[in-house]
Number of protein chains: 2
Amino acid sequence: MDIQLKRGILDVCVLAAIKKEDSYGYKIIKDMKPYIELSESTLYTILKRLEVANMLIVRNVEHGGRLRKYYHITGEGLKRIEDFKEEWKEMMSIYQYVTREDDANE
Amino acid sequence: MDIQLKRGILDVCVLAAIKKEDSYGYKIIKDMKPYIELSESTLYTILKRLEVANMLIVRNVEHGGRLRKYYHITGEGLKRIEDFKEEWKEMMSIYQYVTREDDANE
DNA sequence: GTGTAATACATCGTAACACGAGGTATCGTT
DNA sequence: AACGATACCTCGTGTTACGATGTATTACAC
């Protein structure tokens, strides 16, 4: 899938992945894989970005000797998803423009 | 509208704008305006990119003392639009993932 | 006749961002 | 002991949208 097309949706995707219940990096990638693939470097960049934007908060958890950082969505994060739904309506109208057929005979 | 979200669709939008009939820069911006806004610098960058990718060809036309560059879509350009439709299906499934409600009571 | 807006093109620098390459460390299985 | 899976992170690079800026002509108002 085209990288550019993914750009606008990746952030929201990650938020959606932690919406139901808190999750951590490695698991987020696995959960999202059937829908959209992203590399670890990309994910951690996004998580950092979302944290700075107060859309999620981080909690460190010791798990089997390894560190796990659990991410929890905030109200702003939930709002971001809602805003995205509105933006998507615009995207749909643009899609209509792109795929419109000007004449009946086509 | 979020810049990132526009990224994947701008190229295809420009192709769609010249699909029906050849057009030139200034007119493309005006035609697209109701659907999606983009600056001149962005458009000319995109047109150059699409030309290099053989998705359109350019024709210089003298018009009222001013130069006009008419852009004509190629077979590859049309194919790009068709490919986009397929990519859009993927985008729709991602959208479903983002907006899914996990429980009935919400 | 002089300013101003519209038309029409173009370039340059910047900031955002996705990703590959690479790094560190632990645990379980072979 | 070796290796894959788990789990985190950083750095450099290429793509890209945009604002700022520049050039030049036409048309119209004052």
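Chain A is the first sequence line, chain B the second, and so forth, proteins listed ahead of strands; every chain is numbered from 1.
Not one N or O on the side chain of A:Ser23 forms a donor-acceptor pair closer than 3.5 Å with the backbone of A:Ile18.
Side-chain nitrogen and oxygen atoms of A:Lys6 include none within less than 4.0 Å of the OP1 or OP2 phosphate oxygen of C:dC17. Dashed line: the shortest gap from a side-chain N or O of B:Arg49 to OP1 or OP2 of D:dT15 is not under 4.0 Å. The phosphate of D:dT16 (OP1 or OP2) has no side-chain N or O of B:Thr45 nearer than 4.0 angstrom. Distances shown here put a side-chain N or O of B:Tyr24 below 4.0 Å from the OP1 or OP2 atom of C:dA8. At least one side-chain nitrogen or oxygen of B:Arg68 sits closer than 4.0 Å to the OP1 or OP2 atom of C:dA8.
No side-chain heavy atom of B:Leu38 sits under 4.5 Å from any side-chain heavy atom of B:Ile28. Looking only at side-chain heavy atoms (C-beta outward), A:Phe84 and A:Asp11 stay at 4.5 Å or farther from each other. Counting only heavy atoms from C-beta outward, the side chains of B:Met92 and B:Lys89 never approach each other to under 4.5 Å.
Rounded to whole Å, atom P of D:dT6 lies 12 Å from atom OH of A:Tyr44. Rounded to an integer number of Å, the gap from CG of B:Leu10 to C1' of D:dT16 is 10 Å. Straight-line distance from the NZ atom of B:Lys69 to the C1' atom of C:dA8: 11 Å, rounded to whole Å. Rounded to whole Å, atom P of D:dC8 lies 13 Å from atom CD of A:Glu62. If you take CG of B:Asn60 and P of C:dC9, they are 10 Å apart, rounded to a whole angstrom. Atom pair A:Ile3:CD1 and C:dA18:P shows a separation of 10 Å (rounding to whole Å applied). We find that OH of A:Tyr70 is positioned 14 Å from C1' of D:dC8, with the value rounded to whole Å. Note: OH (A:Tyr26) to C1' (C:dT26) measures 12 Å, nearest angstrom.
Between A:Gln4 and A:Gly25, the residue whose closest nucleotide on DNA chain D is further toward the 5' end is A:Gly25. For the pair A:Lys48 and A:Leu67, nearest-nucleotide mapping onto DNA chain D gives the more 5' position to A:Leu67. The residue among B:Ser41 and B:Lys30 whose nearest nucleotide of DNA chain C lies closer to the 5′ end is B:Lys30.
A:Tyr24 and A:Arg68 are linked by a side-chain donor-acceptor pair at a separation below 3.5 angstrom, with hydrogens and angles left out of the test.
In terms of polar N and O atoms assigned as donor or acceptor, the side chain of B:Arg66 never comes within less than 3.5 Å of the base of D:dT26 in a complementary pairing. Looking at B:Glu40, its side chain comes within 3.5 Å of the base of C:dC9 through a donor and an acceptor atom.
Comparing C:dA10, D:dC18, D:dT16 against the side chain of B:Ser39 picks out D:dC18 as the nearest.
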